[in-house]
Amino acid sequence: MTLVGEGRQPQHGGTETVKDPLVELYDEAAAELEKEQSSLIITDESQDKIPEAPTSQLEKGPAKGFACLAPPQEESTQNPNQYIIDKLKELRSIYESKQGDTDTFKVFNLNKVIGDLSRVKHKITTRAQALKLQGSGAKTADKIMEIIATGELQRIQAEDTEEYRVCKLFAGIYDVGAKRAHQWYGMGLRTLEDVEKHKEEIRLTRNQSIGLKYYNDLQERIPRAEASAIFDKIRETAMTLDGNATVYIMGSYRRGEQTCGDIDLLLTRDPTDGITHAGMLHKLLDRLHEQGILTDDLVIPPDNRALEQKYMGVGRLPPDGKMRRIDILAIPYDQKGAALIYFTGDDLFNRSIRLLARKKGYSLNQRGLYGGVGRDTKGKKLSEGTIIASKTEKEIFDVLGVPWREPHERRRK
DNA sequence: TAGCAGCTTTT
DNA sequence: AAAAGC
DNA sequence: GCTA
Ligand SMILES: O=c1ccn([C@H]2C[C@H](O)[C@@H](COP(=O)(O)OP(=O)(O)OP(=O)(O)O)O2)c(=O)[nH]1
Ligand SMILES: [Mg+2]
């Protein structure tokens with residue numbers, strides 16, 4: 001494993017094609033990158049040289065408005081539109097807690113607007129400016145103007161009901177989503193104590209019980225230093241099992257965030273010596289339980305010999321740290337690049353780059369970039385296609401013509 | 001007017 | 001198949 | 001709720 005500071009690395013984006021839909025990204029990417037060097041980040045890639053896949057790039061169809069792939073933004077300067085962003089986030093939160101199918105896409109759209117709004121450097125003051133924002137149409141522009149004028153949004157006031165607040169509280173329980181939350185509300189439950197009191201009748205699932213038990217701890221984000229300490233312990237244990245194992249800390253930690261919602265770990269092993277990590281995760285989990293690092297399992301891998309496995313559980317920094325969500329993803333070594341992209345996120349960045357891949361005739365998932373994917377008329381996947389790239393992040397970015405983005409740049413915000 | 005990422009696990 | 005999650 |  002390699003401990004690497006957050007150094008710059010690759011720098012040439014894919015290709016300079018004629019009418020590339022992502023032109024805007026290119027120059028910007030080359031533009032200034034931030035300091036933010038403070039933290040060490042476990043990465044890799046740096047070492048895995050991998051001579052460039054010569055960015056193939058067939059004709060690329062039109063595509064634009066990949067907000068989440070948009071140019072890196074300054075980190076230090078605080079956004080002049082923050083107050084607008086905050087209100088739109090409130091609205092998004094309301095839509096998220098609803099269950100209608102249109103609400104899903106209102107959230108989708110608000111994500112675009114919020115993303116664009118947060119990377120725009122000028123203060124929005126006119127409706128024309130509001131309309132220029134990616135994903136902002138007449139309705140959203142009106143809302144933005146209302147926020148500018150009054151500092152409030154009537155729509156939020158109207159929707160900020162008891163039901164919304166209670167359901168948000170319930171959905172904070174791990175494994176409780178909008179559906180279940182509203183169901184419980186409909187049954188008359190209003191507080192976590194109500195849930196606890198009626199846990200028999202409402203038949204909490206196993207994971208919901210764990211989520212309820214640790215409700216307060218799991219609500220909190222993990223300070224970066226604590227995430228790092230937990231990672232060190234787990235990595236150390238992993239290395240005693242196999243000194244050639246590779247363990248990375250992923251998710252928001254790899255993106256450099258100061259707090260993390262959970263701890264996301266990636267486990268793999270270079271098999272060139274003929275040995276793989278098959279069976280290793282299972283042993284690792286046993287050790288971590290013995291050490292008191294893991295306390296509760298949410299999802300255990302069904303086949304402990306597979307190279308790809310996902311573990312989800314709860315643990316702590318022993319002996320008495322707060323309870324934290326811990327995910328460990330084991331992957332075949334040759335899928336490391338695709339897995340790094342996936343597990344680094346953020347989720348909107350992933351959706352954006354996956355959509356881009358699709359528009360270019362590929363399909364990107366946590367295992368690799370595929371070509372020749374069979375789809376039905378509605379775009380639903382029928383056949384897997386053939387693997388195009390998966391070993392390094394850069395290789396995949398290059399094929400897609402996406403300029404290199406450091407983990408800390410792969411974010412909404 | 002169709003499409004909005006792609007996948008796994010649990011119930 | 002729906003719900004919840006990454 | 002927006003856009004190609
Ligand atoms: O819907 C999702 C959720 C997550 N991910 C990927 C990106 C994400 O970065 C990673 C880890 O997920 P997690 O939920 O832990 O997000 P995070 O980015 O680490 O943020 P947080 O600090 O809340 O954990 O998995 C997706 O691709 N799609
Ligand atoms: Mg995370």
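In what follows, every chain begins at residue 1, and chains take the letters A, B, ... in the order their sequences are listed.
One interatomic measurement links the two molecules: NZ of A/Lys359 to P of B/dC4, which rounds to 8 Å at whole-angstrom precision. One interatomic measurement links the two molecules: CG of A/Leu369 to C1' of B/dG6, which rounds to 13 Å at whole-angstrom precision. For the pair A/Leu356 CG and B/dC4 P, the computed distance is 13 Å after rounding to whole Å. Whole-Å rounding puts the A/Leu131 CG to D/dC2 P distance at 9 Å. Taking atom CZ on A/Phe349 and atom C1' on B/dG6, their separation rounds to 15 Å, with Å as the unit. For the pair A/Phe105 CZ and D/dT3 P, the interatomic distance rounds to 16 Å; values are reported in whole Å. As rounded to whole Å, 12 Å separates atom P of B/dC7 from atom CG of A/Leu382. In this structure, CG of A/Asn109 is placed 17 Å from P of B/dG3, rounded to the nearest angstrom.
Across all strands shown, A/Lys380 has no heavy atoms under 4.0 Å from either base or sugar-phosphate atoms. If you check every strand for non-hydrogen atoms under 4.0 Å, A/Asp347 touches nothing. Within the 4.0 angstrom heavy-atom criterion, no nucleotide atom of any strand lies near A/Leu110. The residue A/Thr104 sits apart from the nucleic acid: no heavy atom pair falls under 4.0 Å. Counting any heavy atom pair closer than 4.0 Å across all strands shown, A/Ala357 reaches no nucleic acid atom. Residue contacts for A/Asn350: at a heavy-atom cut-off of 4.0 Å it reaches no nucleic acid atom on any strand shown. Across all strands shown, A/Arg92 has no heavy atoms under 4.0 Å from either base or sugar-phosphate atoms.
Here the side chain of A/Arg351 is nearest to one of B/dC7, B/dG6, B/dA5, namely B/dA5. Listed nucleotides: B/dT8, C/dC6, B/dT10. Nearest to the side chain of A/Val299: B/dT10. Among the nucleotides C/dC6, B/dC7, B/dG3, the one closest to the side chain of A/Lys378 is B/dG3. The side chain of A/Asp327 sits closest to C/dC6 out of D/dT3, C/dC6, B/dG6. Residue A/Lys106 has its side chain nearest to D/dG1 when only D/dG1, D/dT3, B/dG6 are considered. Distance from the side chain of A/Ser363 is smallest to B/dG6 among D/dG1, D/dT3, B/dG6. When each of B/dA5, C/dC6, D/dC2 is scored by its nearest atom to the side-chain atoms of A/Lys139, the top-ranked nucleotide is D/dC2. Of the candidates B/dC7, C/dA4, B/dC4, the closest approach to any side-chain atom of A/Arg180 belongs to C/dA4.
Between C/dC6 and B/dC4, the two P atoms lie 23 Å apart (nearest whole Å). Atom C1' of B/dT8 sits at a distance of 29 Å from the matching atom of D/dG1, rounded to the whole Å.
Between A/Glu406 and A/Arg255, no side-chain nitrogen of the basic residue sits less than 4.0 Å from a carboxylate oxygen of the acidic one, so the salt-bridge criterion is not met. Looking at A/Asp398 and A/Lys394, a side-chain N of the basic residue comes within less than 4.0 Å of a carboxylate O on the acidic one, giving a salt bridge. Here A/Asp160 pairs with A/Arg165 in a salt bridge; the nearest charged N to carboxylate O distance falls below 4.0 Å. Comment: A/Arg367 engages A/Glu308 in a salt bridge, judged by a side-chain N to carboxylate O separation of less than 4.0 angstrom. Taking 4.0 Å as the cut-off between side-chain N and carboxylate O, A/Asp86 and A/Lys89 do not count as a salt-bridged pair.
By the 6.0 Å and 45° rule, A/Arg224 stacks over the aromatic ring of A/Tyr253. Cation-pi check for A/Arg254 over A/Tyr248 is not met; the charged atom does not lie both under 6.0 angstrom from the ring centroid and within 45 degrees of its normal.
Distances shorter than 4.0 Å separate some side-chain N or O of A/Arg325 from OP1 or OP2 on C/dC6.
Residue A/Tyr342 places no side-chain atom within donor-acceptor reach of the base of B/dC7, judged by atom type and a 3.5 Å distance cut-off alone.
Between A/Trp184 and A/Phe170, the ring-plane angle classifies as perpendicular under the 30° and 60° cut-offs.
When A/Lys213, A/Arg325, A/Arg206 are each tested for a salt bridge (Lys or Arg N to Asp or Glu O under 4.0 Å) with A/Asp296, only one passes: A/Lys213. Each of A/Thr276, A/Asp242, A/Thr246 was checked for a side-chain hydrogen bond (donor to acceptor under 3.5 Å, both in side chains) with A/Arg269, and the lone residue meeting it is A/Asp242.
Of the residues in residues 191-209 of chain A, not one comes within less than 4.0 Å of DNA chain C through any heavy atom. Taking every heavy atom of residues 157-179 of chain A and every atom of DNA chain C, pairs under 4.0 Å involve A/Ile173, A/Tyr174, A/Asp175, A/Val176, A/Gly177, A/Ala178, A/Lys179, by number. Near DNA chain C, defined here as any heavy-atom distance below 4.0 Å, the residues from residues 306-314 of chain A are A/Lys310, A/Met312, listed numerically.
The two atoms that bring A/Arg354 and A/Tyr342 nearest to each other are NH2-CD1, 3.4 Å, heavy atoms only. Considering all non-hydrogen atoms of both residues, A/Arg324 and A/Pro223 come closest at NH2-CD, 3.7 Å. Scanning all heavy atoms of the two residues, the minimum distance from A/Val402 to A/Leu356 falls at CG2-CD2, 3.4 Å.
Looking at A/Asn81, its side chain does come within 3.5 Å of a backbone N or O of A/His122 through a donor-acceptor pair.
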